[in-house]
Amino acid sequence: MGTAAAAIAPITDLATLANTTDLPGAVEDWLDGSLWERPDLYRQRSPLWRADAITTPLLILHGADDARVPPAQGLALHRALARRGLDTRLVQFPGAGHRIDDPVQMLSLTREVLAWFDRHL
């Protein structure tokens, strides 16, 4: 049996997130220090910096207007994995923020996830 994963609005690079999220200071509070004070911790806890170790096919779903976790977070990981040849797919939902709550988009998201897992499992 295969493996697969799906991530909705994934945080992939804490250094970038700390400077782009609509919750200023949230990352610094969570990591108990700024990027300049704890750069190794920010990198250590960021999947983007360990993309070379990811082997599971990954579906990334993201609201295109997400201010909490900006879409560039998912895009960066998607591109890193694709460059390595890993099976990955990025789906963005136009007009959606951090929560995808439009019924049509919720149905689309559900179909994407089911199709992804049907394909890989």
Side-chain angles (χ1 to χ4, degrees):
M1 181 171 272
T3 63
I8 300 174
I11 295 171
T12 65
D13 183 15
L14 289 165
T16 304
L17 181 70
N19 293 299
T20 59
T21 184
D22 66 347
L23 294 173
V27 177
E28 290 88 347
D29 289 346
W30 179 46
L31 295 178
D32 205 25
S34 72
L35 170 62
W36 299 272
E37 296 166 328
R38 307 192 78 185
D40 292 339
L41 183 61
Y42 277 67
R43 183 175 292 151
Q44 183 181 54
R45 300 237 176 120
S46 297
L48 183 62
W49 287 92
R50 294 161 45 170
D52 62 324
I54 297 173
T55 59
T56 303
L58 180 61
L59 170 65
I60 299 170
L61 306 124
H62 218 123
D65 295 334
D66 190 344
R68 180 78 22 99
V69 180
Q73 291 282 314
L75 177 61
L77 184 59
H78 168 70
R79 286 190 176 165
L81 297 177
R83 279 195 295 271
R84 290 191 40 246
L86 189 72
D87 191 3
T88 181
R89 177 169 163 72
L90 173 66
V91 180
Q92 291 191 355
F93 296 89
H98 191 61
R99 288 182 25 189
I100 297 167
D101 51 13
D102 173 77
V104 172
Q105 289 183 337
M106 289 172 65
L107 181 58
S108 176
L109 181 146
T110 301
R111 287 181 173 151
E112 289 284 349
V113 170
L114 290 173
W116 183 256
F117 286 115
D118 280 347
R119 183 172 145 209
H120 290 91
L121 302 180

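Below, all heavy atoms of this structure are taken into account, side chains as well, without hydrogens, waters or symmetry copies.
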Taking all non-hydrogen atoms of both residues, which atom of [X] and which atom of [Y] are closest, and how far apart?
{"X": "W116", "Y": "A5", "answer": "NE1-O, 3.1 Å"}
{"X": "H62", "Y": "P10", "answer": "ND1-CD, 3.8 Å"}
{"X": "Q92", "Y": "L90", "answer": "NE2-CD2, 4.0 Å"}
{"X": "L31", "Y": "L41", "answer": "O-CD2, 3.7 Å"}
{"X": "A18", "Y": "Y42", "answer": "CB-CE2, 4.2 Å"}
{"X": "L61", "Y": "A6", "answer": "CD1-CB, 4.5 Å"}

Would you say [X] and [Y] make side-chain contact, with heavy atoms under 4.5 Å?
{"X": "D40", "Y": "Q44", "value": "no"}
{"X": "F117", "Y": "L59", "value": "no"}
{"X": "V104", "Y": "L107", "value": "no"}
{"X": "S46", "Y": "T16", "value": "no"}

Salt bridge (charged side-chain N to carboxylate O under 4.0 Å, His left out) contacts touching residues 10-31 (sequence neighbours left out):
D22-R68

Using 0.5 Å steps for rounding, measure from the [atom1] atom of [X] to the [atom2] atom of [Y].
{"X": "L58", "Y": "T56", "atom1": "CG", "atom2": "OG1", "value": "8.5 Å"}
{"X": "L35", "Y": "R43", "atom1": "CG", "atom2": "CZ", "value": "9.0 Å"}
{"X": "F93", "Y": "I8", "atom1": "CZ", "atom2": "CD1", "value": "8.0 Å"}
{"X": "I11", "Y": "L48", "atom1": "CD1", "atom2": "CG", "value": "13.0 Å"}

Does one hydrophobic cluster hold both L121 and I60, with members joined at side-chain heavy-atom distances below 4.5 Å?
no

For residues V69 and L14: do they belong to one hydrophobic cluster (side chain heavy atoms under 4.5 Å, members Ile, Leu, Val, Met, Phe, Trp, Tyr)?
yes

Show me the donor-acceptor pairs within less than 3.5 Å that the side chains of residues 74-87 make with the rest of the protein, sequence neighbours left out.
residue	atom	partner	partner atom	Å
H78	ND1	T88	OG1	3.2
R84	NH1	A51	O	2.7
R84	NH1	I54	O	3.0
R84	NH2	D52	O	3.4
R84	NH2	I54	O	3.3
D87	OD1	R119	NH2	3.1
D87	OD2	R119	NH2	2.6
D87	OD2	H120	NE2	2.6

Please check: side-chain N/O of Q105 versus main-chain N/O of D102, any donor-acceptor pairing under 3.5 Å?
no

Treating T110 as the side-chain partner and M106 as the backbone partner, does any N or O pair qualify as donor plus acceptor under 3.5 Å?
yes

Sequence-distant partners of E112, salt bridge (charged side-chain N to carboxylate O under 4.0 Å, His left out), two or more places apart
R89

Inspect the surroundings of CZ in R45 and state if more than 12 heavy atoms from other residues, nucleotides or ligands are less than 6.0 Å away.
no

